[in-house]
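One structure is given here, and the rest of the page talks about it.
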Amino acid sequence: CLPTSPHISPQVSLLLAPFLGGEHLRPLSATATLWSDASAADSLHHPHECVSLPAWRLAIAGEFVKEAASPLEAAALSGLAAGEAVAAAL
């Protein structure tokens, strides 16, 4: 059973606190979705590991963006690239 929004928000606040100077700001809402199978059948064949939108400080990551030796490797490389893209936009 997945936790509902009232149970997730305090946890999100704790996770974000170090990045907010130790301040515990409670999100207005938070949700979690459990997918039984989220494997992509094919990739976007994007030239980069993530889709980066610097103007919005946003990056889209996942194993579906660019092919790799395995879905796990694709997801990991995509997530790392997304983190670096967003950090560079800050």
Cut-off 3.5 Å, no hydrogens considered: what does the side-chain donor-acceptor table look like for residues 71-90, sequence neighbours left out?
from	atom 1	to	atom 2	distance (Å)
S78	OG	E49	O	2.6
S78	OG	G62	N	2.8
S78	OG	G62	O	3.4

> Could you give the distance from OG (S43) to NZ (K66), rounded to the nearest 0.5 Å?
Replying inline: 9.5 Å
>> I need the I60 CD1 to S52 OG distance, nearest 0.5 Å.
In response: 9.5 Å
>> Show every ring-ring contact (aromatic ring centres under 6.0 Å, His included) that has at least one partner inside residues 40-90, sequence neighbours left out.
In response: H46-H48
>> Strictly by salt bridge (Lys or Arg N to Asp or Glu O under 4.0 Å), give each pair with a member in residues 50-59 just once, sequence neighbours left out.
In response: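 Output for this query is empty, none listed.
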